[in-house]
Amino acid sequence: MSTLLNQLAETRAFIASKVKTDASIGIILGSGLGNLANVIKTDIAIPYEEIPHFPVSTVQGHSGKLILGELSGKKVWVMSGRFHFYEGYTPQQVTYPIRVLHALGVKTLLLSNAAGGVNTSFKVGDLMVINDHISMFTVNPLIGKNEDSIGTRFPDMSQPYCKDLIKLVQDIAEANHIDLREGIYAGVTGPTFETRAEYRMIHLLGGDAVGMSTVQENIVAVHCGMKVFAASVITDLGIREEENIITHEEVLQAAKDAEPKLTLLFSELIKAL
Ligand code: HPA
């Protein structure tokens with residue numbers, strides 16, 4: 001067996017020794033969006049540092065636990081805190097937890113993130129459903145030997161975010177009077193926020209929002225056949241009149257403020273699955 005398959009088997013066996021692993025939904029909570037974890041009836045929360053082959057999260061605002069619990073009457077795996085390329089992990093380390101979720105039987109993956117708005121009609125606090133992404137400002141996590149037993153060498157990326165899930169969430173948002181944006185997420189490495197020229201370039205290329213996560217996770221999830229839904233909280237505006245600067249604190253606060261809307265959408269989506 002390859003090293004990757006061996007590692008996945010060890011990680012899976014460790015988790016299976018702790019809890020029954022029959023959840024088919026996985027959720028990854030982004031910066032400042034960890035509160036959904038408090039709504040979940042938790043069966044078990046495993047700190048990342050205890051899980052064999054898992055990287056360990058270092059970013060402020062990320063608690064770093066793999067949780068199995070119940071949300072809207074369904075069993076879900078929740079990653080409270082994710083790994084970013086800018087922390088120094090390889091793209092393969094960043095996406096290892098996605099492979100683990102797949103090995104645990106997850107078929108549907110819900111992602112959330114904080115992102116900068118580059119669509120000029122966006123406001124801070126808006127929620128944006130991601131309908132497509134631009135991955136080319138970051139490193140593709142499938143570079144390297146392909147594991148054919150997991151997925152094909154050249155995955156199709158014509159529907160990286162499941163249209164049916166997007167439609168479901170749009171209906172839920174409408175029923176709950178939540179104003180929902182939709183658009184393209186451009187993935188960047190960070191850790192710098194973009195320069196004014198870079199925000200304008202991303203806008204010109206068709207991006208609506210920009211962020212430092214999600215894209216690599218999405219690619220690995222699509223590679224192994226999962227259905228993905230992702231939403232961004234717009235925490236700052238890249239294209240703006242004022243001379244103000246963007247800080248991590250402001251991003252976390254804006255995410256926290258918008259979080260109840262996101263929690264509602266995720267909870268209702270899970271109910272509908
Ligand atoms: N750029 C990149 N990543 C981000 C931003 C941004 O403006 N806001 C939150 N994450």
Side-chain angles (χ1 to χ4, degrees), residues 27-36 57-64 79-89 91 94-95 110-141 160-161 180-219 230-263:
I27 305 175
I28 301 186
L29 301 173
S31 303
L33 300 167
N35 239 346
L36 183 85
S57 181
T58 60
V59 188
Q60 191 189 334
H62 294 242
S63 55
M79 277 186 65
S80 180
R82 56 151 60 95
F83 303 99
H84 301 87
F85 187 50
Y86 64 74
E87 293 174 86
Y89 302 114
V94 167
T95 53
L110 315 186
L111 306 172
S112 67
N113 61 53
V118 290
N119 181 318
T120 50
S121 75
F122 285 3
K123 298 183 303 296
V124 169
D126 278 352
L127 275 185
M128 184 189 92
V129 168
I130 301 178
N131 60 18
D132 207 344
H133 72 219
I134 296 171
S135 71
M136 288 153 189
F137 304 125
T138 184
V139 182
N140 195 304
Y161 302 90
L180 201 57
R181 310 301 192 123
E182 181 178 346
I184 296 169
Y185 176 95
V188 292
T189 66
T192 45
F193 291 116
E194 290 64 46
T195 65
R196 286 168 182 274
E198 288 163 349
Y199 282 121
R200 282 200 305 273
M201 178 192 73
I202 290 164
H203 178 64
L204 273 173
L205 291 177
D208 295 291
V210 51
M212 305 174 198
S213 66
T214 301
V215 161
Q216 291 175 328
E217 296 161 353
N218 171 277
I219 289 171
S232 296
V233 174
I234 304 301
T235 54
D236 52 272
L237 300 176
I239 299 178
R240 60 196 188 279
E241 301 295 328
E242 314 95 74
E243 288 299 315
N244 60 322
I245 62 163
I246 298 170
T247 65
H248 185 50
E249 289 68 31
E250 156 197 353
V251 165
L252 289 181
Q253 190 58 49
K256 226 169 144 192
D257 293 346
E259 180 163 39
K261 289 190 286 185
L262 193 75
T263 300

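Side chains are part of it too, since the values below use all heavy atoms of this structure and drop only hydrogens, waters and symmetry mates. Note that ligands are numbered from 1 as they come in the structure, with each ligand's atoms numbered from 1 the same way.
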Practice task
Applying side-chain contact (heavy atoms from CB on, under 4.5 Å), name anything that partners V94, two or more places apart in sequence or on another chain.
Solution key: F85, Y89, Q216
All N/O donor-acceptor pairs, side-chain side in residues 125-136, below 3.5 Å, sequence neighbours left out:
unit_1	atom_1	unit_2	atom_2	d
D126	OD2	K123	N	2.8
D126	OD2	R181	NE	3.2
D126	OD2	R181	NH2	3.2
N131	ND2	E182	OE2	2.9
H133	ND1	Y161	OH	2.8

Handout entry: Minimum heavy-atom distance Y185-A115, with the two atoms named
Key = CE1-CB, 3.9 Å
Exercise for the section: Using the ring-ring contact (aromatic ring centres under 6.0 Å, His included) rule, collect all pairs that involve residues 200-219, keeping only residues at least two apart or in two chains. Expected result: none
Handout entry: Polar side-chain atom of S232 near backbone of S112 as donor-acceptor pair, under 3.5 Å
Key = no
Exercise for the section: State whether the side chain of N113 and the backbone N or O of G211 hold a donor-acceptor pair below 3.5 Å, judged by distance alone. Expected result: no
Exercise for the section: Can you tell me which residues line ligand 1 if we count any heavy atom under 4.0 angstrom from one of its atoms, in chain and number order? Expected result: A114, A115, G116, F193, E194, Y199, V210, G211, M212, T235, D236, V251
